[in-house]
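Remarks on the structure that follows.
None of these values were measured; they are calculated from a predicted model. Letters A, B, ... are given to chains in the order of the sequence lines, protein chains preceding strands, and every chain is numbered from 1.
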Protein chains: 2
Amino acid sequence: MANIRKIAELAGVSISTVSRVLNDHPYVKEEKRKKVLNAMEQLEYTRNIHAVHLSKGYSNMIGVVLPTINIPYFAGLLEGIAEEAETSGIHLALYQTNYLLEKERYSLEQLKQRQIDGLIICSKAMPDHELMEWKETGPIVLCQSSQDPNFSSISIPHHTAFRHGLDYLISKGHRKIGIALARKKGINSHYRIKAYQDALKDIGEPYKEEWVMDNLLTMSDGETLFHKWVMLKEKPTAMFVANDQVSAGMLLEAQKHSVTIPDDLAILSCDNQEISRILGISTIEIQTKEMGKRSFTLMKKQLKGDSPEHFVLPYRLIERLTV
Amino acid sequence: MANIRKIAELAGVSISTVSRVLNDHPYVKEEKRKKVLNAMEQLEYTRNIHAVHLSKGYSNMIGVVLPTINIPYFAGLLEGIAEEAETSGIHLALYQTNYLLEKERYSLEQLKQRQIDGLIICSKAMPDHELMEWKETGPIVLCQSSQDPNFSSISIPHHTAFRHGLDYLISKGHRKIGIALARKKGINSHYRIKAYQDALKDIGEPYKEEWVMDNLLTMSDGETLFHKWVMLKEKPTAMFVANDQVSAGMLLEAQKHSVTIPDDLAILSCDNQEISRILGISTIEIQTKEMGKRSFTLMKKQLKGDSPEHFVLPYRLIERLTV
DNA sequence: CTGAAAGCGCTTACAG
DNA sequence: CTGAAAGCGCTTACAG
């Protein structure tokens, strides 16, 4: 494999000059540039990118942490991130964690070893205080609500948005409202539960643990959710579901069992993915792809030395047929 | 930032010894190992991975090329790939190409520069003869039918499977059959069209260009497809659709317009994603996640020097309610 | 505009 | 079991 030295020899210049040509530096006499270019062609030169990384001290690659790719919400985020990365000529390394702490730590370890220049965390199991220990490691962007001055963050205003949805349900006459979350533990869920409790208080309804469902991500989970609802002694008249896949599964299963939506059960969803439009599911739109793009923009800012920022994306309530 | 030399100094050993400790080599006296470990802790040492890569000549990272992440078929593949990569401790770099040739070339360029040790191509726009020019560049695995001895490949037997589906439709009494593809150009489509033509020939029906639809990927595309079908002067009684998202969109739109499935129109799909089970869509199962995993296994074999292999995954026809 | 030299931080025969 | 030395292939002040 030809290296820069061989090129220099063949072209009759110094390796400095070859490097300059390689990096499009000005101040190279056209004649020498030509010679170098020729030599590179003759020897079929390809730059060894590892040497560049070692010299420069960075890799031009950023990592993305997510629990699992094959869920529209995360696929949407990743799509946005990948689009922005592409236009910036920055590479993406993928860390699929399944919410396993060790894998999340592993990705942070990679940041430390400079395998990646920064890390975008789409969702995590790691508690905030543990993440804090990594704050000096490198730039980190969180796709979730955060006030932490050490990390950038992007999200929708979860408390406000969820409250908005709840008030909407209440305005439609519902007082018995259940909620369905992806994971109770996440920070987003934290805000949603808070909003839920606030809303209940305002209408003087008690908080019932059994009306807060969780561990729901897929359409199948939505089917399960429906049956859980069926089994409930006292049933909510409305469910506020944290993701469209689950809502869709629940809706379709309800229809199969001749439960009328929204009369027997109202469903309000989150995300506004394609399927919710097609099935006519009322939902709170979250622009996942846009969120992915913004997260990358925030990362780029941090990479060039800016301090972390917190960005809040707008949401909107889309009325359709399930409430 | 502490480097290996600093560690050596502090521990009172040579850098060779430090390196040995770092790489778990045998033949290091326990006492010295301890000293080195201590020194590393004191100086908060982190290995510079770029130096390792430069020295070793490889990066422990492989690239994945796909047109767009946010489509269940590709997300499924990627999920499988990521799972296997994780257990092998190999990193993944993502190249979202949108079927743009320049981006596909870019990913191959990265392979050449050793940014990645190998490339898994989930789907591509690049014609085979152009890809051929890159055969010396490094290990490449294709997730599509291929006999090319230069690349490994994994796929289902597209011709056989598609023919199987067609014969199934025919056995149900259909003779007017249309097909709906993602992209006419791909190699998979090539085999499918071939199978389609063969089947038509066998039952003595003519091949009609207007019954071969393409550019169909999403549920929205499925809605569009339904309306195209409606506008057709002469209508197929059955559509064989190459992906579940499109089938789902078509089915739901048909139901909205009181077109009875399968009586007015039969739909046979491909993939067997969750949604096809839930909507009761008859489909040909393709194990995308498994395919992703296998593609990675093939890659690993090539990385350790084995010659390329071609692996064919089984498929199965799942009868449900739409045929 | 150009080159010699130092530096990035590791790995790996080789000799002992 | 251990160390000195060469090597991986670039980049980047510095001096001219």
Value in whole Å for how far the P atom of D/dA13 lies from OH of A/Y27 = 15 Å
Are the side chain of B/N150 and the backbone of B/K135 linked by a donor-acceptor contact shorter than 3.5 Å?
-> no
Does a nitrogen or oxygen in the side chain of A/N23 sit under 4.0 Å from OP1 or OP2 of D/dT11?
-> yes
Check: B/E79 main-chain N/O paired with A/N70 side-chain donor or acceptor under 3.5 Å = no
From CD (B/E86) to NZ (A/K103), nearest 0.5 Å = 4.0 Å
Which is true for B/Y45 with a 4.0 Å heavy-atom rule: it touches a base, it touches only sugar-phosphate, or it touches nothing?
-> sugar-phosphate
Once you round it to whole Å, what is the distance between P of C/dT12 and CG of B/L54?
-> 12 Å
Any side-chain N or O of B/K6 less than 4.0 Å from the OP1 or OP2 oxygen of C/dG9?
-> no
B/R5 CZ to C/dC10 P: how many Å, rounded?
-> 10 Å
For residues A/H91 and B/Y95, establish whether the separation of their ring centroids is below 6.0 Å.
-> yes
The residue, B/G12 or B/R114, whose nearest nucleotide of DNA chain D is more 5′ is B/G12
Pick base, sugar-phosphate or nothing for A/I15, based on heavy-atom distances below 4.0 Å to the nucleic acid.
-> base
C/dG3 phosphate, OP1 or OP2, under 4.0 Å from A/S14 side-chain N/O = yes
Start at the 5' end of DNA chain D and walk down; is the nucleotide closest to B/K29 or to A/R47 reached first?
-> B/K29
Shortest non-hydrogen contact between A/L119 and A/S107, atoms and distance = CD2-OG, 3.6 Å
Read 5' to 3' with Watson-Crick or G-U pairs under 3.5 Å, [ ] for crossing pairs and | for partners on another strand, DNA chain C gives |||.||||||||.|||
Remember a base hit wins even if backbone is also touched, and classify A/S16 as base, sugar-phosphate or nothing at under 4.0 Å, heavy atoms.
-> base
Give the nucleotide from the list C/dA5, C/dC10, C/dC8 with an atom nearest to the side chain of B/V52.
-> C/dC10
Between the base of C/dG3 and the side chain of A/R20, is there a donor-acceptor distance below 3.5 Å?
-> yes
Phosphate contact (D/dT2 OP1 or OP2) by B/T17 side-chain N/O below 4.0 Å | no
Could you tell me whether the phosphate oxygens of C/dT2, OP1 or OP2, come under 4.0 Å of any side-chain nitrogen or oxygen in A/K32?
-> yes
Tell me: NE2 of A/H50 to P of D/dG7, nearest whole Å?
-> 20 Å
Please report, rounded to the nearest Å, how far the C1' atom of C/dG7 is from the CG atom of B/N48.
-> 13 Å
With rounding to whole Å, what would you report as the distance between D/dT12 and D/dG16 at their C1' atoms?
-> 16 Å
Whole-Å distance separating the NZ atom of A/K112 from the C1' atom of C/dG9 | 17 Å
For D/dT11, does either OP1 or OP2 sit under 4.0 Å from a side-chain N or O belonging to A/S19?
-> yes
Whole-Å gap separating C1' (C/dC10) and OH (B/Y58) | 12 Å
Please determine, for the side chain of B/I4, which listed nucleotide (D/dT12, C/dT11, D/dG3) has the closest atom?
-> C/dT11
Separation of A/E30 atom CD from C/dT2 atom P, in whole Å?
-> 10 Å
Taking the six-membered ring for Trp, is the centroid-to-centroid distance between B/Y58 and A/H50 below 6.0 Å?
-> no
Just one of A/R294, A/Q302, A/K301 clears the side-chain hydrogen bond (donor to acceptor under 3.5 Å, both in side chains) bar with A/S152, so which one?
-> A/Q302
Checking B/T297 side chain against B/K293 main chain: does a donor-acceptor pair fall under 3.5 Å?
-> yes
